[in-house]
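This one's a predicted model, so the numbers in the text were calculated from it and none came from an experiment. Counting starts at 1 for both ligands and their atoms, following the listed order.
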Amino acid sequence: MWSSRKPKSFNKLALPQGPVWLASDLHLGADTPATQQAFLSFLHQAADEAAAVLLPGDIFNVWVGDDAIADPPPWLAEALAAMKAAASRLPLYLGRGNRDFLIGQRLARELGAHLLPDVVLLQTVRGPVLLSHGDEYCTDDRAYQRWRAVARNPLVQKLFLMSGLAWRQGFARQARARSMQAKRSTPLEIMDASPDTVAAALRESGASVVVHGHTHRPAHHVFAVDGRRCERWVLPDWELDHAEPKRGGWLVIDRDGLRFRDL
Ligand code: MN
């Protein structure tokens, strides 16, 4: 039973009183110019209207190490410059997703941004909000969770980062192709967040609101956990290059509550 376990401690982050904007799953890359332009507009607008911006994961479609910023391709140089400009005007928090989990302190420092812990209990004007990328809730996908455990192992990461940048980029391309194949043969509900795992996280954290991305199924779910009213807000992914209708948007947390904003 969960109640007999030692209570888990959560990293906490106190946020400003003003509006907080959250966006994830932009999957920026060389082949997403339209999505990138939408992201740049989002950052500009955030600098004028928001008090903080949180990007909980999969900002980049692939990230094989922070040394990629030493000699960035043009699209990346542009994205980094925009993030740096935003971070000079308001607090910018970067989270790690399943595609860009190798984002590290070097990138954060270069941008003047802050790294988010994988799971964080936000202290907002609306009370505690549990935030993460969301892949850790997809516990029905055993194969993915096995891969995640390996990929998140610090020693594995250290060895990977010791190899050359070009080799890592090639490895990432191959891993991506394999993952696309696995996705095609995995039933959709298996790849969604598990309600039991989400409920356990809400119990352990004491929060009644959880926010995550990853599943690309934007929604506001309302449900009960042990008779307590809980909410799960799922952030949309951004896709303005290869899909019609175009997708994207973000979540606002302010005194009035939580709500989605479209592009
Ligand atoms: Mn993801």
Below 2.8 Å, which protein N, O or S atoms neighbour the Mn ion (ligand 1), ignoring water? Asp58 OD2, Asn98 OD1, His133 NE2, His214 ND1
Salt bridge (Lys or Arg N to Asp or Glu O under 4.0 Å) between Asp67 and Arg106, worked out: CA-CA 8 Å; Asp67 49 348; Arg106 179 175 169 187; 5.6 Å; no
Check this for me, if you would: do Glu49 and Arg261 make a salt bridge, where the nitrogen-to-carboxylate-oxygen distance has to be below 4.0 angstrom? yes
Between the main-chain N or O of Thr35 and the side-chain N or O of Thr32, is there a donor-acceptor pair closer than 3.5 Å? no
Can you tell me how far the CG atom of Leu121 sits from the NZ atom of Lys12, to the nearest 0.5 Å? 6.0 Å
Quick one: does any side-chain atom of Asn98 pair with a main-chain N or O of Asp58 as donor and acceptor, under 3.5 Å? no
Any salt bridge between Asp25 and Arg99, counting N to O under 4.0 Å? no
